[in-house]
Amino acid sequence: MISPPTSEAELLNRAYSIAGFTLNELATQNNLICPQDLCREKGWVGMLLERCLGAIAGNKPEQDFQNIGIELKSIPISYMGKPLETTFVCIAPFIKVQGLTWENSHIRNKLSKVLWIPVEGEREIPIRDRHVGTPLIWQPSAEEEAQLKVDWEELMEFIVLGKVHKINARHGEYLQLRPKAANSKELTIAYGDRGQPIKTLPRAFYLRTQFTARILSHYFTLPENK
DNA sequence: AATTGATCATTA
DNA sequence: TAATGATCAATT
């Protein structure tokens with residue numbers, strides 16, 4: 001078990017030191033067994049990278065490296081270096097949302113600085129053979145933050161107005177709200193349009209691949225088309 | 001081929 | 001139950 005990094009430079013060095021290795025090599029180094037597939041261990045790659053980099057394994061609603069203000073995100077990429085999945089950010093709040101602004105939101109804090117680690121994610125590549133890519137530290141530009149804020153405000157309006165049942169994944173240009181639960185029968189408390197408590201499926205904020213593709217492309221030159 | 005809604009494991 | 005880590009797979 002390695003200790004948490006004490007600086008951004010240390011974290012980035014560690015991230016560079018695992019770039020190029022396969023998941024099986026990293027698993028072995030950490031005394032873990034690489035699964036055949038991720039069907040029943042969807043977060044396995046993320047957990048492996050946490051161990052490699054010294055993140056405190058936990059489910060606290062905070063950045064992974066709170067001491068240095070950085071969130072860790074693994075992102076599955078195609079052969080062309082484009083994201084294969086949307087990126088989970090955090091659970092959406094359904095209660096105590098009065099007075100909540102983008103500026104003091106949990107999601108803004110999480111996205112204020114992110115260490116992205118691309119990992120090969122094509123399904124035809126066995127998990128054990130997938131390579132970890134070059135890491136990058138990202139902070140939203142003024143434009144990116146403005147775009148996220150617009151989406152966040154649009155999505156939060158449903159919640160504040162008690163229109164949770166009208167939410168679907170099509171809202172939001174870069175940020176979307178989708179289910180985040182063990183199954184579709186799981187329920188959490190929200191408020192209806194007359195202010196009455198209701199039970200509904202928990203949702204979370206996800207970054208669309210279009211948005212994360214742009215982040216990655218700022219750092220790597222990608223071939224044209226597809 | 002891209003996207004949406006559904007789902008899995010673990011911890012506290 | 002709610003939070004973390006996400007990907008799966010049916011549908012469009």
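All chains are named by letter (A, B, ...) in the order of the sequence lines, taking the proteins before the strands, and each is independently numbered beginning at 1.
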What is the nucleic acid contact for Leu187(A), judged by heavy atoms within less than 4.0 Å: base, sugar-phosphate only, or nothing? sugar-phosphate
Select base, sugar-phosphate, or nothing to describe what Thr87(A) touches, counting heavy atoms under 4.0 Å on all strands. nothing
Round to a whole Å and report the spacing from CD1 of Ile91(A) to P of dA12(B). 17 Å
Considering every strand and a 4.0 Å limit on heavy-atom distances, what is the contact class for Lys73(A): base, sugar-phosphate, or nothing? sugar-phosphate
Heavy atoms under 4.0 Å, any strand shown: does Phe94(A) hit a base, just sugar-phosphate, or nothing? nothing
Looking only at the aromatic ring of each residue, does the gap between the centers of Phe158(A) and His165(A) stay below 6.0 angstrom? no
Please state how far atom CG in Asn59(A) lies from atom C1' in dT11(B), giving the value in whole angstrom units. 5 Å
With heavy atoms under 4.0 Å as the rule, sort Pro76(A) into base, sugar-phosphate or nothing. sugar-phosphate
Regarding Arg208(A) and the six-membered ring of Tyr174(A), is the cationic atom NZ or CZ under 6.0 Å from the ring centre and inside 45° of its axis? no
To the nearest Å, give me how far apart CD (Glu186(A)) and P (dG5(B)) are. 18 Å
Quick one: label Arg40(A) by what it contacts on the DNA or RNA (base, sugar-phosphate, nothing), any heavy atom closer than 4.0 Å. sugar-phosphate
Assign each of His171(A) and Ala181(A) the nucleotide of DNA chain B bearing its closest heavy atom; nearer the 5' end lies the nucleotide of His171(A)
In which stems does DNA chain C show up, taking only runs of three or more Watson-Crick or G-U wobble pairs whose two distances fall under 3.5 Å? B:1-12 with C:1-12
OP1, OP2 of dG5(B) versus side-chain N and O of Arg170(A): anything below 4.0 Å? yes
Measure the CD-CG distance between Glu50(A) and Leu72(A) for me, rounded to the nearest 0.5 Å. 6.0 Å
For Gly43(A) and for Gly121(A), find the nucleotide of DNA chain C with the closest heavy atom, then tell me which residue's nucleotide is more 5'. Gly43(A)
Atom CG of Asn168(A) and atom P of dA6(B) are separated, to the nearest Å, by 11 Å
Could you tell me the separation between the CD1 atom of Ile33(A) and the OG1 atom of Thr28(A), rounded to the nearest 0.5 Å? 7.0 Å
Is a salt bridge present between Glu145(A) and Lys149(A), judged by a nitrogen-to-oxygen distance below 4.0 Å? no
With a 4.5 Å limit on heavy-atom distance, are the side chains of Ile77(A) and Leu84(A) in contact? no
Test applied, side chain to side chain donor-acceptor pair (under 3.5 Å); reference residue, Tyr79(A); option that passes from Glu124(A), Glu122(A), Glu120(A): Glu124(A)
For the pair made of CG in Leu38(A) and P in dT10(B), what is the distance, rounded to whole Å? 14 Å
Should Pro202(A) and Glu186(A) count as side-chain neighbours, where that means a heavy-atom distance under 4.5 Å? yes
Result for 5'-nearest mapping on DNA chain C, choosing between Asp37(A) and Glu62(A), is Glu62(A)
Just so I know, are the side chains of Tyr16(A) and Thr134(A) near enough to count as touching, which here means a heavy-atom distance under 4.5 Å? yes
For Tyr206(A) and dA6(B), what is the distance between atoms OH and P respectively, to the nearest whole Å? 11 Å
Nucleotides bounding contact with chain A, strand DNA chain C, heavy-atom threshold 4.0 Å: dA2(C) to dA9(C)
Does a side-chain N or O of Gln176(A) approach OP1 or OP2 of dT3(B) to a distance below 4.0 Å, or not? no
For atom CZ of Arg203(A) and atom P of dT7(B), their distance in whole Å: 14 Å
Just so I know, are the side chains of Ile75(A) and Thr212(A) near enough to count as touching, which here means a heavy-atom distance under 4.5 Å? yes
Have a look at Glu71(A) and say if it touches a base, only the backbone sugar-phosphate, or nothing, with a 4.0 Å heavy-atom cut-off. sugar-phosphate
Under 4.0 Å, counting only non-hydrogen atoms across every strand here, what does Pro61(A) touch: a base, just sugar-phosphate, or nothing? sugar-phosphate
For Arg178(A) and dT3(B), is the shortest distance between a side-chain N/O and OP1 or OP2 below 4.0 Å? no
5' priority, DNA chain B, between Leu84(A) and Ala182(A) [closest heavy atom]: Leu84(A)
Thr209(A) side chain near dT3(B) phosphate (N/O to OP1/OP2, under 4.0 Å): yes
Close approaches to DNA chain B from residues 95-117 of chain A, in residue order (heavy atom, under 4.0 Å): none
What do the steps show when you test Gln147(A) against Arg214(A) for side chain to side chain donor-acceptor pair (under 3.5 Å), and what is the final call? CA-CA 13 Å; Gln147(A) 291 170 333; Arg214(A) 202 171 54 186; 2.6 Å; yes
Within-4.5 Å side-chain heavy-atom neighbours: Val119(A) and Pro76(A): no
Check step by step if side chain to side chain donor-acceptor pair (under 3.5 Å) holds for Thr188(A) and Arg203(A). CA-CA 9 Å; Thr188(A) 189; Arg203(A) 321 296 161 93; over 6 Å; no
Round to a whole Å and report the spacing from CD of Gln210(A) to P of dT4(B). 11 Å
